[in-house]
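Order of the sequence lines fixes the chain letters, A, B, ..., with proteins taken first and strands second; residue numbering starts at 1 for each chain.
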Amino acid sequence: MSANAEQTESSVKSMDDIMSLCKRRGFIYPASEIYGGVNGFWDYGPLGAQLKKNLRDAWWTDVVMKGCDGKLGPNGKPVEIVPVDTSIIQNPKVWEASGHVGGFNDPMVDDKETKQRFRADHLFAVYLLEPVNEMKTDEHYFIGGAIERAIPDRTAVGNTPTEALKAICNESTLRKANGIKKLISGIFSGQDHRVGSFATAWVSTSNGERYIACVPLSDGILERRANEVPSPFTGKAGHLTPPRAFNLMFKTVLGATGNMEDNAAYLRPETAQGIFINFKNVVDTTRVAVPFGIAQTGKAFRNEVTPRNFTFRSREFEQMEIEFFCHPDEAAGWYAFWRDWRMEWWQSLGLEGDNLILREHDSDELAHYAKEGAGTSDIEYRFPFTAPGFGELEGIADRTNFDLKQHAEHAGAKLEYFDNTRGELAKNGQPKGERYLPHVIEPSAGLDRGVLALLCEAYTPDPERASGVYMKFHPRLAPIKAAVFPLVKKDGMPEVAAPLAAALRKRFGHLGTIEYDEKQSIGKRYARMDEAGCPFCFTIDGDTLTDNTVTVRHRDTLDQERIAIDSVPDYLAEKLGL
RNA sequence: GCGGGAGUAGCUCAAUGGUAGAGCGUCAGCCUUCCAAGCUGAAUGUUGCGAGUUCGAGUCUCGUCUCCCGCUCCA
């Protein structure tokens, strides 16, 4: 099958059908459904809860207990990871230090007329200036003059002044709204000590040629005089709202009688900070040495503006995070190591092929903590609702020493690490040691997003079979590990099948469900297991009673084989990779 | 938050303003020797919620909630 055909097939999967199966088979329900639901929250049913636990356990086992599943780090040594489980609520100062309270969300401006919304810091002032000869050679002079007028003639939206200027010159509706005929020159981008970055160009207008300059809006203008600022979409003033902050932090109150003013606290928006603020504790009380990582799984909360796409963007979600501490000089090597290994890990769980990609971030989408030029990449899955695009499963970021530095400053704590394997050699031949703030590589995965990706990947329509669809989970993750059926409920078959199920449950029950079912026709029972994603069914039939063999029915291929009943436990263990 | 669409049994869907139904699934019994077979029966609904119009509302109007799509946003 060609790559294109695969793409077509995967994008053909209907999210509605997947959600329907999730509900029907007990993977995921809308939260508070009998009360009409609550936007942005979901409940996991019996199969979903087990699937989620299996994914979390796989991560915990491979990352924490086995240290990257035994893969050696760039220093040639085993990777050391220790776990923590930190509180969802921390001292509110934690979130001030981390930048979440102040900068978590960007103030937004609405154009009430066109109903468009944009980031306040993405709105730029645009000025049309008279062409004077010397102006052509001294852009700074123009810009300096232009910003003397606080209310600009025009405005434009974009990530940068250059982008905004491009939009206003290239899009016909915007050109028309702003009285611009066409762009004559190329766009010049620059940096000015007074206004920051800016962009300029020559354009023709109905009044002849003009010099057009795009610069940041004067500070506070939108807050104080939003009514006078022209809309970037229509050029008309009086329709823009002042910038409004969207509070993505979940506020709560400490103390049974406390009021919100004095006792406000926040539910964590990420599990990472709980790790950073315990860095010193872990270093002081365990025998870890940099480089090492601290891992944690847990719930985090964000008041998303628009929860959307099933569980993909919900307001309560679970993360699986590692903060890996290393010497600044080694950060780049560890970043590449984690990026590549995390990709391999997701692939090992069945998210293979074109539906999974590793994408390095462009420099302009780096988060506030990510150093200029330091790496940030996403592992992304092509969900049915993002296809042909992708949605983020895990981000791997070089956070530098940003967080430790912030906490050291805000808390007044000494968070530097004393590395006694570094530094010049003393007379006795021992290194003198080096004191430094470690850099951090953060592989941060979304557990709920992982589950959703597994559900989407596993969902396999098959008109040939009775169920019409089956869930092709990796056996390691399948919530139901195996099923045991007597072919019919008589002739002594249940008496053989039930003890086999009990034996399997005793050995494998900690990994997932072992089903036993003697009701209804065998085809119906197989079909049910297909929808639940059970990889193996063991069926006791008439022959079992005479030759002690059972039928193994394989979910993905529908193949059947006979094996000795005594070998079933070992057979299953081998298939589960144990 | 804005615009558009939708909401009837677990699921998929019917029902001109006039007694809320079907198929599938689920459950019970019978039957059944390898892929949702068959027979008999059962349970399941304040038609998302709340008002209004009407003799009468699943159907028309308004409000509200939730979901879907598009914007917007997304550490």
Once you apply the 3.5 Å cut-off to both distances, tell me the Watson-Crick or G-U wobble partner of B/G52, or none. B/C60

Under 4.0 Å between a side-chain N or O of A/Lys524 and OP1 or OP2 of B/A37? yes

With no hydrogens and no angle check, is any side-chain donor or acceptor of A/Gln296 less than 3.5 Å from a backbone partner on A/Ile322? no

Can you tell me how far C1' in B/G17 sits from the matching atom in B/C55, rounded to whole Å? 12 Å

Mind checking salt bridge (charged side-chain N to carboxylate O under 4.0 Å, His left out) for A/Glu531 and listing every partner two or more places apart, or none if nothing turns up? A/Arg24, A/Arg25

Which whole number of Å gives the distance between the C1' atom of B/G48 and that of B/U54? 23 Å

Under 4.0 Å between a side-chain N/O of A/Asn309 and OP1 or OP2 of B/C69, yes or no? yes

Gap in Å between the two C1' atoms, one belonging to B/G41 and one to B/G4, rounded: 47 Å

Nucleotide B/C11, atom P - distance to CG of A/Asp17 in whole Å: 13 Å

For nucleotides B/C65 and B/C49, find the distance between their P atoms and express it as a whole number of Å. 15 Å

Take the protein atom CE of A/Met493 and the nucleotide atom P of B/U33, then report the distance between them rounded to whole Å. 8 Å

In whole Å, what separates the P atom of B/A9 from that of B/G50? 16 Å

What's the gap between B/G10 and B/U26 when it is taken at their P atoms, as a whole Å value? 15 Å

Pair assignment for B/C2, Watson-Crick or G-U wobble, requiring both distances under 3.5 Å: B/G70

Does OP1 or OP2 of B/A75 have a side-chain N or O of A/Gln319 closer than 4.0 Å? no

Look at the side chain of A/Ser20 against the base of B/C11 and say whether a donor-acceptor pair falls under 3.5 Å; ignore hydrogens and angles. no

Kindly list each side-chain donor-acceptor pair under 3.5 angstrom involving residues 482-490 of chain A, sequence neighbours excluded, with atom names and distances?
none

Ignoring hydrogens and angles, are the base of B/C35 and the side chain of A/Arg553 linked by a donor-acceptor pair under 3.5 Å? yes

B/A28 phosphate, OP1 or OP2: any side-chain N/O from A/Lys519 under 4.0 angstrom? yes

Describe, in one word, how the ring planes of A/Phe325 and A/Phe276 are oriented to each other, choosing from parallel (under 30°), tilted (30 to 60°) and perpendicular (over 60°). perpendicular

Atom P, compared across B/A37 and B/C24: separation rounded to whole Å: 10 Å

Tell me which nucleotide among B/C35, B/A36, B/U33 gets nearest to the side chain of A/Asp491. B/U33

Parallel, tilted or perpendicular: ring planes of A/Phe324 versus A/Trp334, cut at 30 and 60 degrees: tilted

Taking any heavy-atom pair under 4.0 Å as a contact, classify A/Leu558: base, sugar-phosphate, or nothing. base

C1' gap between B/A36 and B/A75, integer Å: 47 Å

